[in-house]
There are 2 protein chains.
Amino acid sequence: MPKTRSSKPASPSTVAEADNPSQKREAILEGAIQVFLNAGYAGTSMDKVAATAGVSKQTIYSHFQDKEGLFTALMERMTIRRFQIALGSDSLQGEPKVLLRQFADAFLNKIVDQQYVALLRLMIAESERFPELAKLYSRTVIQKGRQLMSDYFHHHPELGFRDPEAVAHIFIGSLVSYVIAQEIFYGKETTPLSRDRLIESLLDLLVIKP
Amino acid sequence: MPKTRSSKPASPSTVAEADNPSQKREAILEGAIQVFLNAGYAGTSMDKVAATAGVSKQTIYSHFQDKEGLFTALMERMTIRRFQIALGSDSLQGEPKVLLRQFADAFLNKIVDQQYVALLRLMIAESERFPELAKLYSRTVIQKGRQLMSDYFHHHPELGFRDPEAVAHIFIGSLVSYVIAQEIFYGKETTPLSRDRLIESLLDLLVIKP
DNA sequence: GTCTATAATCAGATAGAC
DNA sequence: GTCTATCTGATTATAGAC
């Protein structure tokens, strides 16, 4: 994919600030992602971010107001990106048996990785200190996902759902809670439950048996 | 306030340590619960705990090795207690339509309160720093709950579940993810979904329609 | 066992040179 | 804009008196 600003004109100094690309800012955000996701908000020091990003601490403070500002910028960015990747597609299409299995498969095997789990944990951990971040996640990721699935159910009345939105929550909520139980609470080790068993039972419940 | 040690008997030194009731220890734990649940692990200072508990800081260090020791003792205690209250009952009994509604109702309206939400958030937040705590929660709360429901499904083959354990996860996971979405991510405000709608749809899916 | 006072460390934020 | 060096406050943990 070609860069969009390959032929950037000389930017007049009057608008320089808002539009300054400054690779340093990127480096800071990249480094900060790693540190925050690994160590959590309190466990992250600005020194560590500076070291990881390869810049000095003061450079961070010239791009972001303070630690909170850096954190929110970071989390907003990740939330939006994840949303684009995960839910940016058009409306869902296909036969229920196939589509629902595809969706669950894609969620568990593609969307859920180390970074997603770390982001989810961090969002929950800091939801009280940063309620606006949590609400952003709620509006973009949770609501969009539910809406996408709900729309699909609306187009498939043969499934017989009286409340497609509520069923959409149940479907997606089962997947998310599975990730939380297995990954965050180490259910993988203590009380394993395979993905296939979860998906099979979900399909059994949602798709009317012949 | 009268001092508590006005008539302290001379305790025999041989058994004093392990069996000393020491109301102070209770006071510390009580105060620590409030502070940790409110402010999180990093946001909690030993000074704040001491002030809330009404003891000096050194008294805390005479009862607990350090901040981590206090935290783990606290969380273990709360996990066990919650488990006793929530899942200590005998096996579930009753007609599916009634029993499942009762269970969901009880979970959403009795078990889930401010303290439960705070505990869940804190467990998730610190699951990486304190993996043993997370595993304890997994083995006691999550697994026991799933087992309780799974046993019930085993005794009701008329429900037609091929994999009762997986369905148990779906049922309980839907409830837990509902709490996370509505309470922790402020879905209550941004994208509300009533408890009744969730419960009705859950019953529609699980109990075979006539 | 319990308290007051203190040591030692660390992190967020800033000052000033270039 | 970027860097090095520094200030300030807070926090964990301990020392020592009673």
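Everything numeric here is computed off the predicted structure, so don't read it as measured data. A, B, ... follow the sequence lines: proteins, then strands. Residue 1 opens every chain.
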B:T190 versus A:S138, side-chain donor and acceptor atoms under 3.5 Å = yes
What's the OH-P distance between B:Y61 and C:dA7, to the nearest Å?
-> 17 Å
Please check if the side chain of A:Y152 supplies one atom and the backbone of A:G94 the other of a donor-acceptor pair under 3.5 Å.
-> yes
Rounded to whole angstroms, how far apart are CD on B:Q23 and P on C:dG1?
-> 13 Å
To the nearest Å, how far apart are A:Q65 CD and C:dA13 P?
-> 9 Å
Among the nucleotides D:dT2, C:dG12, D:dA13, which one has an atom lying closest to any side-chain atom of A:S62?
-> D:dT2
Between A:Q58 (CD) and D:dC7 (C1'), how many Å, whole number?
-> 13 Å
Do B:F130 and B:Y41 have their ring centres less than 6.0 Å from each other?
-> yes
Closest of D:dT12, D:dT2, C:dC3 to the B:V55 side chain is C:dC3
Could you label the plane-to-plane angle of the A:F161 and A:F153 rings as parallel, tilted or perpendicular, counting under 30° as parallel and over 60° as perpendicular?
-> perpendicular
Counting only non-hydrogen atoms, which of residues 38-52 of chain B are less than 4.0 Å from DNA chain D?
-> B:T44, B:S45, B:M46, B:D47
Looking only at side-chain N and O atoms, does A:S56 come under 4.0 Å of OP1 or OP2 in D:dT2?
-> no
Those residues at least two apart in sequence (or on a different chain) that pass side-chain contact (heavy atoms from CB on, under 4.5 Å) with B:S201 are A:D163, A:A166, A:V167, A:I170
Do the side-chain N and O atoms of B:T59 and B:S62 include a donor-acceptor pair separated by under 3.5 angstrom?
-> no
May I have the distance from B:H63 (atom NE2) to C:dG1 (atom P), rounded to whole angstrom?
-> 6 Å
How close or far is atom P of D:dT14 from atom CZ of B:F64, stated in whole angstroms?
-> 16 Å
Residue B:T59, side-chain atoms from C-beta onward, closest of D:dA13, C:dT2, C:dG16 = C:dT2
Between P of D:dT11 and CD of B:E68, the distance in whole Å = 17 Å
C:dA11 C1' sits how many Å from A:I60 CD1, rounded?
-> 13 Å
If you check every side-chain atom of A:K57, which of C:dT2, C:dA15, D:dT6 has the closest atom?
-> D:dT6
Shortest non-hydrogen contact from B:A50 to B:K57?
-> CB-N, 3.8 Å
